[in-house]
Amino acid sequence: MERELIETEPEDWTTLPGDPRLDFMNVPESKTTKNRVHLDWSVADRQAEVHRLLGLGATRLWDVQEKVGDDDMEWTTLADPEGNEFCVIHSDRPSALRLATVVIDSDDPHRVGRFWETALERELVQVEPQRDYWLPGDPPLTFVKVPEAKTTKNRVHLDWYAPDREAEVQRLIALGATRLWDVENEDFEWTTLADLEGNEFCVVQAEDA
C-alpha cells in the first residue's frame with residue numbers, strides 16, 4: 001500500500017495512516033476462527049496484485065468467479081501473516097489498491113444492515129434477498145449471510161468518531177446496540193459497543209469537538 005507505519009507503542013500499537021487508517025493492536029487472544037469482519041480491496045489487475053501480496057508474505061486461500069446480484073465478480077481471498085483474511089477484487093476502474101468495502105458476516109444480514117442503515121443515516125441496498133446487502137458511504141459496508149455463528153471477539157472492528165461520544169452512544173443503544181465498556185486516558189476516550197449480532201465497534205470522542 002506504500003504507506004509508512006507509525007509505531008506509536010511498538011510493543012502494543014502501530015498505525016498505518018491513510019484512507020482508511022488502519023490500527024494494529026496487540027491482544028492476548030490468538031486467532032482461532034475465520035474473521036467475521038474483513039476488508040475487500042479492489043484493483044485493476046487482480047492477478048498481478050495477488051502475486052505482489054504473496055511476495056510480501058500473504059497466503060492464497062481461494063479464488064471466486066460468480067454473479068453477485070447483477071454483476072459478474074472476480075476475487076481472491078488471501079490471509080496476512082497472522083491469518084487475517086482479506087479479499088482482492090477485480091475493478092474495471094483503473095486504480096491502485098483501494099478499499100472496496102468492509103464485509104460483515106451475519107446470521108441475518110438484513111437485520112444487521114438495517115441497524116447500520118439507521119445508525120449511519122444511509123440507504124441499504126439489497127443485492128441478493130436475505131443473503132447480501134450493501135450500505136454505500138465512507139466506508140461502504142457489506143452484510144453477507146454465513147452459516148457460522150459468532151463465537152469469539154472479532155479481531156477486526158470499526159472505530160467511529162463522534163463530536164459528543166456519550167450522546168452518540170445513547171443514540172446507538174436506543175437503536176439496539178449493547179454497551180460493553182468505556183476507556184478514558186490522556187490521549188483518547190472511547191466506548192466499545194456491540195451491534196445486534198454482537199459485532200464489536202467503538203465510538204471515539206473526536207479530537208476537535
Side-chain angles (χ1 to χ4, degrees), residues 1-6 13-27 29 31-64 66 68-69 71 73-93 95-106 109 112-113 116 119-120 122 124-125 127 132-146 148 150 152-161 192 194-195 197-202 204:
M1 298 179 66
E2 300 181 355
R3 306 182 192 174
E4 185 174 350
L5 197 67
I6 298 174
W13 178 18
T14 57
T15 297
L16 193 63
D19 185 15
R21 165 179 161 168
L22 304 177
D23 289 303
F24 304 90
M25 304 192 73
N26 188 20
V27 295
E29 309 90 0
K31 187 177 188 293
T32 58
T33 186
K34 180 171 74 74
N35 286 354
R36 205 161 174 82
V37 179
H38 72 266
L39 303 181
D40 281 2
W41 302 92
S42 65
V43 69
D45 190 335
R46 178 173 59 94
Q47 289 295 353
E49 186 62 26
V50 166
H51 285 299
R52 185 182 76 89
L53 293 167
L54 292 174
L56 296 176
T59 301
R60 191 177 203 141
L61 300 180
W62 55 79
D63 296 88
V64 177
E66 66 178 34
V68 178
D71 298 322
M73 301 286 292
E74 299 178 7
W75 71 87
T76 299
T77 301
L78 301 104
D80 71 13
E82 285 200 349
N84 298 296
E85 301 86 359
F86 64 97
C87 295
V88 177
I89 299 173
H90 170 73
S91 172
D92 291 329
R93 190 174 95 182
S95 69
L97 196 67
R98 62 183 179 87
L99 181 66
T101 188
V102 179
V103 180
I104 301 175
D105 290 354
S106 308
V112 178
W116 284 107
L120 298 175
R122 306 179 189 174
L124 190 67
V125 177
V127 180
D132 193 325
Y133 295 83
W134 181 51
L135 194 63
D138 183 19
L141 306 179
T142 299
F143 308 92
V144 295
K145 174 77 173 177
V146 296
E148 312 91 9
K150 185 178 187 293
T152 63
K153 180 171 73 74
N154 289 348
R155 278 180 85 77
V156 179
H157 70 263
L158 295 171
D159 285 358
W160 303 95
Y161 282 115
T192 301
D195 70 14
E197 288 192 353
N199 298 298
E200 301 84 1
F201 64 97
C202 294
V204 182

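Owing to the predicted nature of the structure, the values given are computational and were not obtained by experimental measurement.
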W134 ring center near W116 ring center (under 6.0 Å): no

Spacing of [atom1] belonging to [X] relative to [atom2] belonging to [Y], to within rounding of 0.5 Å:
X	Y	atom1	atom2	result
T59	L54	OG1	CG	7.5 Å
L5	T15	CG	OG1	7.5 Å
S42	R93	OG	CZ	7.0 Å
E148	K34	CD	NZ	5.0 Å
L22	T14	CG	OG1	9.5 Å
L97	L53	CG	CG	6.5 Å

For a side-chain contact (heavy atoms from CB on, under 4.5 Å) check, start with the C-alpha distance between Y133 and V127, then their side-chain angles and the critical distance, and finish with the verdict. CA-CA 5 Å; Y133 295 83; V127 180; 5.9 Å; no

Keeping the roles fixed (side chain from R122, backbone from P136), state whether a donor-acceptor pair exists under 3.5 Å. yes

Is a side-chain donor or acceptor of T101 paired with a backbone partner of P140 at a separation under 3.5 angstrom?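 Flag set: sc T101 to bb P140 pair under 3.5 Å.
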
Do you know the tightest heavy-atom contact between [X] and [Y]?
X	Y	result
V37	N154	CG2-ND2, 3.7 Å
D138	W160	O-CZ3, 4.5 Å
A79	L61	CB-CD1, 4.0 Å
C202	H157	SG-NE2, 3.7 Å
F143	L135	CE1-CB, 4.1 Å
I104	S106	O-OG, 3.2 Å

Taking the side chain as everything from C-beta on, heavy atoms only, tell me whether [X] gets closer than 4.5 Å to [Y].
X	Y	result
V68	D132	yes
T142	V102	no
P139	L99	yes
L39	W41	yes
D195	F201	yes

Under 4.0 Å between a Lys/Arg side-chain N and an Asp/Glu carboxylate O for [X] and [Y]?
X	Y	value
K145	D105	no
D23	R21	yes
E197	R36	yes

CA sep, side-chain torsions, deciding dist, call: W13, F24, side-chain contact (heavy atoms from CB on, under 4.5 Å): CA-CA 6 Å; W13 178 18; F24 304 90; over 6 Å; no

If the test is side chain to side chain contact (heavy atoms under 4.5 Å, CB included), which one of L78, D45, T77 qualifies with V88? L78

Which residues pass the side-chain hydrogen bond (donor to acceptor under 3.5 Å, both in side chains) test with E49, not counting sequence neighbours? R52

Dump the intermediate steps for side-chain contact (heavy atoms from CB on, under 4.5 Å) on L141 and V103, then the final yes or no. CA-CA 6 Å; L141 306 179; V103 180; over 6 Å; no

D40 versus W75, side-chain donor and acceptor atoms under 3.5 Å: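 There is no such pair between these side chains.
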
Can you confirm whether E66 is buried at CD, in the sense that more than 12 heavy atoms of other residues, nucleotides or ligands lie under 6.0 Å from that atom?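 Count over threshold, so yes.
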
For T152 and T32: C-alpha separation, side-chain torsions, deciding distance, then whether side-chain contact (heavy atoms from CB on, under 4.5 Å) applies. CA-CA 8 Å; T152 63; T32 58; 4.0 Å; yes

Who pairs with R46 by salt bridge (Lys or Arg N to Asp or Glu O under 4.0 Å), at least two apart in sequence or on another chain?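 With neighbours one apart ignored, the set is D63, E74.
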
